[in-house]
Chemist: 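After the structure tokens below, expect a handful of questions from me.
Positions are given from 1 along the sequence. None of these values were measured; they are calculated from a predicted model.
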Amino acid sequence: MFTETRRLRDELRTTHARIASLEAERTDYLRKDRRAGVLTHDAFREAAAAALRGSQRRGESAAAVLVDIDGFRALNGRRGAAAGDAALATVASRLRELVRGGDVVGRTGADELAVVMPGANLAGARGVAERLVSILEQQGPVTVSAGIAVDGGTAQLDGLMADAAAILERARLAGGGRVGAPGRLPSPEPSRGAIGALALALSERDRGTGEHAEKVVALAGAVARRLGIDSEDVERIAAAALLHDIGKVAVPDSILSKPGALNDEEWQVMRGHTIVGERILRAVPGLGPVARIVRHGHERLDGTGYPDGLRGEEIPVGSRIVLVCDAYDAMTSDRPYRKALSHAAAAAELRAGAGTQFDPRVVDALLQYLSDCTPVDYAARASDAQSAADAAGAAR
């Protein structure tokens, strides 16, 4: 009897422990945002307020970082809610990797995440925010803006979040893809003058490359609009098209102007121009997203391109657009080692590479655009008119 009672008592304790564990799991499940994998808005406010009170009791500072996904509404509209959810999950995952164990991370809006960092100062919060912006700028699939605020010992969550939101808004208005912090105004979007100066430098280095870039800009902008890309991203893609060969300023003339095929060593130097181009563009405030497009402008859809061997959707859509437009203009232009191909021959080459080298959607958009907007050959028209006039004169 005694043994049986003890067994039943042990089973009861085990059952109670299991029930408590399930209740904790249920509570945790209800407190987590299923899309982002972080605390829900209400759970975040509760935990963040407690963390601030703890910092206040210990006489420590505390900081908040508010993160907003750039162009989130346009992303949802262009690629659907699933793409927006995936982007949100990626940003949240990257953010969780950067924060400390005691920091509180939550979703505070449709495209907004927040971190309260007990015991952190401005430098610590800025380090997390800037690393997050940099990682997403280089790896995608989206860019983010961030605003930082520091608690002055009041432990007032609403005031701290309001300060971070105001600074975040300044970063967004300055063009996005950057970090705003107290006492520092975010640098504005680079002027067209900065982009134009780089384009001029490229043109002075190699006149043919500069003229080629201008043609690629017109094609890339048209293709991007046909694919329904929002106007802000169209501008970035156009800038990348204009500057996609900027890294060639570091390529020796002996390679750049060589009339024949490049050998292996020369080809390795030429392949490095995308990385050089990225470094040049990242030195200009606000051109990080453009730099990323330029870096990946020679990736192939099947993963055999350079410099990083990205494949499919890993390649920024801007890079896929610039690659197709660059290839078309290159094929239809004279080169030192060959004559220009006809439109029909170039179109056949693009179709043959669709699905391996090129994005089929981009190829289709470009060829449809060229078909709809075939330019009138005014020189040929004038020649035909003159011939007709000469024939009429002879008949008289």
Chemist: Can you confirm whether Ile280 sits close enough to Val276 that some side-chain heavy atom of one is under 4.5 Å from a side-chain heavy atom of the other?
Modeler: yes
Chemist: Return yes if some donor-acceptor pair links the side-chain N/O of Asp245 with the main-chain N/O of Lys248 below 3.5 Å, else return no.
Modeler: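 No, Asp245 side chain to Lys248 backbone: no donor-acceptor pair under 3.5 Å.
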Chemist: Among Asp364, Leu366, Leu370, which residue satisfies the side-chain contact (heavy atoms from CB on, under 4.5 Å) criterion with Gln368?
Modeler: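 Of all the options given, the one that passes is Asp364.
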Chemist: Is any side-chain heavy atom of Ile315 closer than 4.5 Å to a side-chain heavy atom of Arg311?
Modeler: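 Contact flag for Ile315/Arg311 side chains = no.
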Chemist: I'd like to know whether Arg295 forms a salt bridge (charged side-chain N to carboxylate O under 4.0 Å, His left out) with Asp308, so could you lay out the CA-CA distance, the side-chain angles of the two residues, the decisive distance to 0.1 Å, and finally the verdict.
Modeler: CA-CA 9 Å; Arg295 178 185 179 92; Asp308 300 313; 2.7 Å; yes
Chemist: May I ask you to decide if Val290's main-chain N or O and Arg236's side chain share a donor-acceptor pair within less than 3.5 Å?
Modeler: no
Chemist: Please step through salt bridge (charged side-chain N to carboxylate O under 4.0 Å, His left out) for the pair Asp70 and Arg172, ending with a clear verdict.
Modeler: CA-CA 8 Å; Asp70 298 325; Arg172 292 177 60 189; 5.6 Å; no
Chemist: For salt bridge (charged side-chain N to carboxylate O under 4.0 Å, His left out), just list the numbers for Arg320 and Glu313, CA-CA rounded to whole Å, side-chain angles, deciding distance to a tenth of an Å, and then say yes or no.
Modeler: CA-CA 9 Å; Arg320 285 177 265 151; Glu313 293 292 322; 3.5 Å; yes
Chemist: Is the shortest heavy-atom distance from the side chain of Phe44 to the side chain of Val116 under 4.5 Å?
Modeler: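 A side-chain contact under 4.5 Å exists here.
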Chemist: Give a yes or no on this: more than 12 heavy atoms of other residues, nucleotides or ligands lie within 6.0 Å of atom CZ of Arg35.
Modeler: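 No, CZ of Arg35 has 12 or fewer neighbouring heavy atoms, counting only those of other groups under 6.0 Å.
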Chemist: Answer yes or no: does atom CZ of Arg73 have more than 12 heavy-atom neighbours from other residues, nucleotides or ligands under 6.0 Å?
Modeler: no
Chemist: Do the non-hydrogen side-chain atoms of Ile148 and Val179 ever get within less than 4.5 Å of each other?
Modeler: yes
Chemist: Check Pro252 against Val269 and note the closest heavy-atom contact, atom names and distance.
Modeler: CD-CG1, 4.0 Å
Chemist: Does some side-chain heavy atom of Leu281 sit less than 4.5 Å from a side-chain heavy atom of Leu243?
Modeler: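 Of all side-chain heavy-atom pairs linking Leu281 with Leu243, at least one is under 4.5 Å.
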Chemist: With no hydrogens and no angle check, is any side-chain donor or acceptor of Asp151 less than 3.5 Å from a backbone partner on Ala63?
Modeler: no
Chemist: Is any side-chain heavy atom of Asp158 closer than 4.5 Å to a side-chain heavy atom of Arg45?
Modeler: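 Side-chain contact under 4.5 Å: yes.
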Chemist: Counting N and O atoms only, with roles assigned by atom type, does the side chain of Gln268 sit under 3.5 Å from a partner on the main chain of Glu265, one being a donor and the other an acceptor?
Modeler: no
Chemist: Taking atom types as modelled and ignoring hydrogens, do the side chains of Asp302 and Thr304 form a donor-acceptor contact shorter than 3.5 angstrom?
Modeler: yes
Chemist: Is it the case that the side chain of His296 and the backbone of Ile293 share a donor-acceptor pair, with hydrogens and angles ignored and the cut-off at 3.5 Å?
Modeler: no
Chemist: Does Gly353 offer a backbone N or O that forms a donor-acceptor pair with the side chain of Thr356 under 3.5 Å?
Modeler: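 Present.
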Chemist: Can you check whether Arg226 reaches Asp372 side chain to side chain, under 4.5 Å on heavy atoms?
Modeler: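 Of all side-chain heavy-atom pairs linking Asp372 with Arg226, at least one is under 4.5 Å.
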Chemist: Among Ile321, Asp329, Leu323, exactly one meets side-chain contact (heavy atoms from CB on, under 4.5 Å) together with Cys325. Which residue is that?
Modeler: Ile321
Chemist: With a 4.5 Å heavy-atom cut-off, do Thr143 and Arg178 have their side chains touching?
Modeler: no
Chemist: Return yes if some donor-acceptor pair links the side-chain N/O of Thr40 with the main-chain N/O of Lys32 below 3.5 Å, else return no.
Modeler: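 Not confirmed, Thr40 side chain does not pair with Lys32 backbone.
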Chemist: Does the Thr332 side chain pair with the main chain of Leu341, one donor and one acceptor, at a distance under 3.5 Å?
Modeler: no
Chemist: Is there a chain of hydrophobic side chains (I, L, V, M, F, W, Y, each step under 4.5 Å between heavy atoms) that links Val99 to Leu113?
Modeler: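 Looking at the clustering, Leu113 is in the same group as Val99.
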Chemist: Indicate, with yes or no, if Val150 and Val67 share a hydrophobic cluster defined by side-chain heavy-atom contacts under 4.5 Å among Ile, Leu, Val, Met, Phe, Trp and Tyr.
Modeler: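 In one cluster: yes.
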Chemist: For the pair Ser371 (side chain) and Leu367 (backbone), establish whether a donor and an acceptor sit closer than 3.5 Å, ignoring hydrogens and angles.
Modeler: no
Chemist: Any side-chain to backbone donor/acceptor pair from Arg100 onto Pro118? Under 3.5 Å, distance only.
Modeler: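 Between the backbone of Pro118 and the side chain of Arg100 there is a qualifying donor-acceptor contact (under 3.5 Å).
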